[in-house]
Amino acid sequence: MKTKGKVTGIIANLVIVEVDGPVAQNEICFINLSGVNLKAEVIKIIGKLAYVQVFESTRGLRVGNSVEFQGHMLEVSLGPGLLSKNFDGLQHDLAKMDGIFLQRGDYTDALDMDSTWEFTPMVEAGKQVTAADWLGEVPENWVKHKIMVPFTLTDKYTVKSIVPQGTYKITDTIAVLTNSKGEDINVSMVQKWPVKRAITAYREKPRPFKIMETGVRVIDTLNPIAEGGTGFIPGPFGCGKTVLQHALAKQAEADMIIVAACGERANEVVEIFAEFPHLEDPRTGRKLMERTTIICNTSNMPVASREASVYTAMTIGEYYRSMGLKVLLLADSTSRWAQALREMSNRLEELPGPDAFPMDLPAIIANFYARAGMVYLNNGTTGSVTFIGTVSPAGGNLKEPVTESTKKAARCFYALSQQRADSKRYPAIDSMDSYSKYLEYPEIQEYLNKNISPNWVNLVLKSKNIVQRGKEAYEQINILGDDSVPLDYHDRFWKAEIIDFVILQQDAFDKIDSNTPIKRQQYMLEKVMEIADMNFKFDGFEQCSIYYKRIINTLKQMNYAQFQTDEFNNYEKELYTILNERRVE
Amino acid sequence: METKAFQRIYTQLMGITKATVTLKAQGIANEELAMVHGRLAQVVKIFGDMVTLQVFSGTEGIPTNAEVVFYGEPPKLKVGDDLAGRFFDAYGRPLFGATEIEGEAREIGGPSVNPLRRKQPSELIATGIAGIDLNNTLVTGQKIPFFADPDQPFNQVMAMVALRAQADKIILGGMGLSNDDFLFFKNVFENAGALDRIISFVNTTEQPPVERLLVPDMALTAAEYFAVQKNEKVLVLLTDMTLYADALSIVSNRMDQIPSKDSMPGSLYSDLAKIYEKAVQFPEGGSITIIAVTTLSGGDITHAIPDNTGYITEGQLFLRTDSDTGKVIVDPFRSLSRLKQLVIGKKTREDHPQVMNAAVRLYADAANAKTKLENGFDLTEYDERALKFAHDYSMKLLAIDINIEVDTMLDTAWQLFAKYFSKTEVAIKNELVQKYWPN
Ligand SMILES: Nc1ncnc2c1ncn2[C@@H]1O[C@H](COP(=O)(O)OP(=O)(O)OP(=O)(O)O)[C@@H](O)[C@H]1O
Ligand SMILES: [Mg+2]
């Protein structure tokens, strides 16, 4: 029997319910408001009072309204048909909702419950299986979507029967499993999982050992992210977090992209809705939307479901990872998620931590990032969830709780600098402050040197050093004046500028420049480093700056040209003509 | 709103703070309206039979035996074509002795648009001001504030933009507007013969601050009526959102909430987003564009109000007085329209993006030269040219008293390039230089 209750208090979206039976922390309930059911989650229990956060506006709610508890936590439906969908933060399908405006209690199914799928079994009766083992597959877009032993089944099972190849409804029983007690369990193509728990039905989670190519030079070349790795992008407003994430969503070498638009602008999601069905995945030529799932809980949508949205996204990511896919999860912005936690914590009158965020914020963030990773599945193949979140620090100041907690949890740090954004040096990633811990992993270094070029890691470190020295030279020039420093300082400064303009800066809105495959990145870095090793003769600092501007200009034209076409090669020839003008041994 | 006969009247308040009253009452709905001692109030908290109400005009003089009558419904606005050409107070009551309008009463602060039912904005709003059209192009369905110090002429610029924007309706939401500024808007609109396109909801400095909290929702409820029902292009002007946020903090502090940065409520981001995200382009042609004003104190944009605003809006326009020319300009460095990409070079001439970037870059060179000068260093010959360019650029393009077409802005920029720089210094794509460099 379901536990029932009555509303006894309302403070914004925090509602206090007096219950008549057992309730569990994080249990879901529905509050009945004149025939409309409002979904809510238990977040605190004191005696007979359950404090629930409502995933909707509570306007019109009264003391005495009835509540029904559901006996389970907030969960998502997992099955074929999640790809290319647009969900709200609680995984309701936005396309199935009626009308222009979102109506309270309009809870649409995530999956198409009438859909049929072409099922091919992968096991035979008699086989021993455990959670997440593949029972069969159905084609979903281009993915071979695996139908698995539900993650909630924790025993060992024997396949009692499995249906032959054929077309089945998503809810049909496709296999019967027998547990160790001899009880039968029917398995369909749909399973459910509580979003706040990590799916851990895999063999092991090794350290990441490969990089995930993104086509963004300042990431791949200077601070690469590992497949199954974690990273975050903090930056003041308008510095390019979202543009960068969209670039990753378009270009990254992943099988599946999950975009969690968490408390940000609706128009930015609309941009994805408008473009992704037409844009092509640069590697496969398939439409981007075919590999994308969007969890959209924009800033004007209910705050509590904003908090849930990142978990919904992560759970879907883990589900596809279990099929052996490479998933890239992007969340913009995780600060909005933290703020949702703060709003609720304040309403609960919990003892506040720094900046009024909840005390356990660091732990919550760390737990979430820990769900990413590359894993060896039960059958020995790999799957991965790579996670990159943005952080929107208050006042652009990185010394604030969300940034600091995230820094401890994520392995890559892509700090956007206001100064670079102001001078339109996009992407505004500050290459000096930013880092990738993966670049220090011996297995990653080995991978890079093996797959790009034997001396790659050294070359990258050397280029970083040049940027650093250039910055120092620039500071000296600024303090002492152009005339009062040795010419060598100018030379050093301009060599760093070459790396800045040609490698670090990248035009996200140019068709060619926006996406640089790793081979081309290698080519350009080697070119630039070759120039950095050259010596030139100048009569004065003005001549030096004019000359380097010409070099930069020509290199930039190369960036804008299709790789190794006549146009590209001509600019390259022009480059060497310029270089030879002033080159000395 | 009249009281109904069967309504129960409560006469015993249990607690009074500066903005709220608390009493025992049953069967009360969250967010419903009530009249407390003749003043409008709204339910903000219910705990058992204890109900807390926020009294919009403040609680001065309210006695513990004040009469409280509940209305059983949240704040509403009557919407209809009659709204056009009218002035209302923060409660949506007609000003200047006008009669109530006919129409359907709609809850204000209603639900959000399903993001899937939006269309990507793509229609340029021409203002004639190059600091906007050239560098920070606006698009219908956008939300963007002016960030300005209180002494900047932001209301004037906003009125000018509104009149040139070719909107079907202009809705003014005035919060803490000085009476002079209110009359200024009224006159400007009247003189432009635009009154039939204007609707105003105004709370002036003379009125209680908490009332302001109703203004944006009133304005946007009216906007939604015209954008959704009539497929009209609606421009909503919200001035001054800083005073709105101040009112939020008054209420939340009185309700003992833990303040976060700058004594603002922790929910400031969500509160502001709920307003700004009403900006939308509908597929059927209707749109709501929001131009707001956020006044700064001492130009500090890291303060919680501008900071949260910047994280919500699609860019910001900075007004600043240029010390070289004495003109008020739209600052090209700190201003940004995030949606300009959707129209520049597409709805405008192909050279627009590159010309815009080149000019700003050269202007930045001039700023560096100026710093050098201030630090007592010698200027190079290039620096000298950059400074001259900056002066002309400021006079002919950045100043807010400019009113020209976008093509003319682009031509002007090319002329300035050619006057002060070589082609390589300007560094624009070759094919564009070939085509547009003046001979
Ligand atoms: N790589 C880029 N190339 C060119 N322009 C860029 C690039 N990145 C950002 N911009 C410019 O900066 C603007 C703001 O970028 P973006 O929306 O990504 O900022 P954000 O950091 O996400 O800001 P917020 O925190 O407010 O969401 C863009 O609209 C664009 O004009
Ligand atoms: Mg963003």
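Chain identifiers are assigned alphabetically (A, B, ...) following the order of the sequence lines, protein sequences preceding nucleic acid strands; residue numbering begins at 1 within each chain.
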- Output, in order, the C-alpha distance, side-chain angles, deciding distance and verdict of side-chain contact (heavy atoms from CB on, under 4.5 Å) for B/Val228 and A/Ile100. CA-CA 9 Å; B/Val228 176; A/Ile100 290 177; 4.0 Å; yes
- Query: Checking side chain to side chain donor-acceptor pair (under 3.5 Å) for the pair B/Ser267/A/Arg342: CA distance, chi angles, key distance, verdict?
  - Reply: CA-CA 8 Å; B/Ser267 59; A/Arg342 174 169 71 184; over 6 Å; no
- Message: Run B/Glu314 and A/Glu268 through side-chain contact (heavy atoms from CB on, under 4.5 Å) and show every step you take.
- Response: CA-CA 10 Å; B/Glu314 285 146 346; A/Glu268 292 171 346; 5.8 Å; no
- Message: Go through it in stages, so that I can follow the logic: the residues are B/Ser270 and A/Glu343, the test is side chain to side chain donor-acceptor pair (under 3.5 Å), and I'd like the CA-CA distance, side-chain angles, deciding distance and then a yes or no.
- Response: CA-CA 10 Å; B/Ser270 303; A/Glu343 283 185 31; 2.8 Å; yes
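Separation of atoms OG (A/Ser335) and OH (B/Tyr311) is listed at 7.0 Å; rounding is to 0.5 Å. In this structure, CD1 on A/Ile10 lies 11.5 Å from OG1 on B/Thr52, to the nearest 0.5 angstrom. Note that CZ of B/Arg118 is 13.0 Å distant from CD of A/Glu271, once rounded to the nearest 0.5 Å. Atom-to-atom distance recorded for A/Gln103:CD and B/Asn114:CG is 10.0 Å, nearest 0.5 angstrom. With values rounded to the nearest 0.5 angstrom, B/Asn30 atom CG is found 6.5 Å from A/Leu61 atom CG. Distance CG/B/Asp271 to OG/A/Ser299: 11.5 Å, rounded to 0.5 Å.
Under a 3.5 Å cut-off, the side chain of A/Asn300 and the backbone N or O of B/Lys274 do not form any donor-acceptor pair. With hydrogens and angles ignored, the 3.5 Å screen pairs a side-chain donor or acceptor of B/Tyr269 with a backbone N or O of A/Gly263. When atom types are taken as modelled, the side chain of A/Arg59 and the backbone of B/Glu31 share no donor-acceptor pair closer than 3.5 angstrom. Under the 3.5 Å distance criterion, the side-chain polar atoms of A/Arg265 are matched with a main-chain donor or acceptor of B/Thr313. Put simply, the side chain of B/Glu277 gets close to the backbone of A/Ala266: a donor and an acceptor are under 3.5 Å apart. Listed for the B/Arg117 side chain is no donor-acceptor partner under 3.5 Å among the backbone atoms of A/Phe101.
Only the side chain of A/Asp483 comes within contact range of chain B, with heavy atoms under 4.5 Å apart. Contacts between A/Val269 and chain B at a heavy-atom distance below 4.5 Å are absent for every atom of the residue. Only the side chain of A/Gln339 has a heavy atom closer than 4.5 Å to any heavy atom of chain B. With a 4.5 Å cut-off on non-hydrogen atoms, B/Pro306 touches chain A through its backbone but not through its side chain. Contacts between A/Arg550 and chain B at a heavy-atom distance below 4.5 Å are absent for every atom of the residue. Only the side chain of A/Asp482 has a heavy atom closer than 4.5 Å to any heavy atom of chain B. With a 4.5 Å cut-off on non-hydrogen atoms, A/Pro354 does not touch chain B at all. Only the side chain of A/Glu275 comes within less than 4.5 Å of a heavy atom of chain B; its backbone N, CA, C and O stay farther away. Proximity to chain A (any heavy atom under 4.5 Å) is shown, for B/Tyr276, by neither the backbone nor the side chain. For chain A, the nearby part of B/Arg338 is the side chain; its heavy atoms alone come within less than 4.5 Å. At a 4.5 Å heavy-atom cutoff, the contact between A/Arg336 and chain B is made by side-chain atoms alone. Within the 4.5 angstrom heavy-atom criterion, only side-chain atoms of A/Phe541, from C-beta onward, approach chain B. Contacts between A/Ile546 and chain B at a heavy-atom distance below 4.5 Å are absent for every atom of the residue. Proximity to chain B (any heavy atom under 4.5 Å) is restricted, for A/Lys241, to the side chain, taken from C-beta onward. Of the two parts of B/Leu339, only the side chain, counted from C-beta on, holds a non-hydrogen atom closer than 4.5 Å to a non-hydrogen atom of chain A. Only the side chain of B/Lys143 comes within less than 4.5 Å of a heavy atom in chain A; its backbone stays farther off. The part of A/Ala12 that comes within reach of chain B is its backbone (N, CA, C, O), which places non-hydrogen atoms under 4.5 angstrom from that chain.
Across B/Asp307 and A/Gly395, no two heavy atoms sit closer than the pair OD2-N, 2.6 Å. Of all non-hydrogen atoms in B/Pro115 and A/Cys296, the two that sit nearest each other are CG-SG, 3.5 Å. Closest approach of B/Leu116 and A/Asn86 over heavy atoms only: CD2-ND2, 3.5 Å. The minimum heavy-atom distance between A/Ile479 and B/Phe377, with the atom names listed, is O-CZ, 3.2 Å.
Residues B/Ile28 and A/Val63 are not in side-chain contact: their nearest non-hydrogen atoms beyond the backbone lie 4.5 Å or more apart. Between A/Asn397 and B/Thr302 there is no side-chain heavy-atom pair separated by less than 4.5 Å. Using a 4.5 Å heavy-atom threshold, the side chains of A/Phe237 and B/Gln316 count as touching.
Side-chain contact, A/Asn267 with B/Gln120: no donor N or O sits under 3.5 Å from an acceptor N or O. Between the side chains of B/Ser260 and A/Asp355, no donor-acceptor pair of N or O atoms lies under 3.5 Å.
In the displayed structure, A/Lys96 atom NZ is contacted under 6.0 Å by more than 12 heavy atoms of other residues, nucleotides or ligands. Crowding of B/Glu374 atom CD: a count of heavy atoms from other residues, nucleotides or ligands under 6.0 Å exceeding 12. Atom OH of B/Tyr382 has more than 12 heavy atoms from other residues, nucleotides or ligands within 6.0 Å.
If you tally non-hydrogen atom pairs under 4.5 Å between each of A/Ala274, A/Ala356, A/Ala394 and chain B, the highest count goes to A/Ala394. Comparing B/Gly109, B/Ser112, B/Gly72 by how many heavy-atom pairs each has under 4.5 Å with chain A, the most go to B/Ser112. Ranked by heavy-atom pairs shorter than 4.5 Å toward chain B, the options A/Leu480, A/Leu94, A/Thr8, A/Leu14 are led by A/Leu94. The candidate with the highest count of non-hydrogen atom pairs below 4.5 Å against chain A, out of B/Ala29, B/Gly266, B/Gly376, is B/Ala29. Between chain A and the options B/Gly27, B/Ala427, B/Ala364, heavy-atom pairs under 4.5 Å are most frequent for B/Gly27. For the set A/Gly396, A/Gly64, A/Ala95, the entry with the most heavy-atom pairs within less than 4.5 Å of chain B is A/Ala95. Considering only heavy-atom pairs separated by less than 4.5 Å from chain A, the leading option among B/Lys119, B/Glu107, B/Gln142 is B/Glu107. Comparing A/Ser57, A/Gly9, A/Ser484, A/Ala340 by heavy-atom pairs within less than 4.5 Å of chain B, the highest count is held by A/Gly9. Between chain B and the options A/Arg347, A/Met301, A/Glu264, heavy-atom pairs under 4.5 Å are most frequent for A/Glu264. Ranked by non-hydrogen atom pairs under 4.5 Å with chain B, the options A/Asn553, A/Val270, A/Leu102 are led by A/Leu102.
A cation-pi arrangement is not found for B/Lys261 relative to A/Phe357, the charged atom failing to lie both closer than 6.0 Å to the ring centre and inside a 45° cone about the ring normal.
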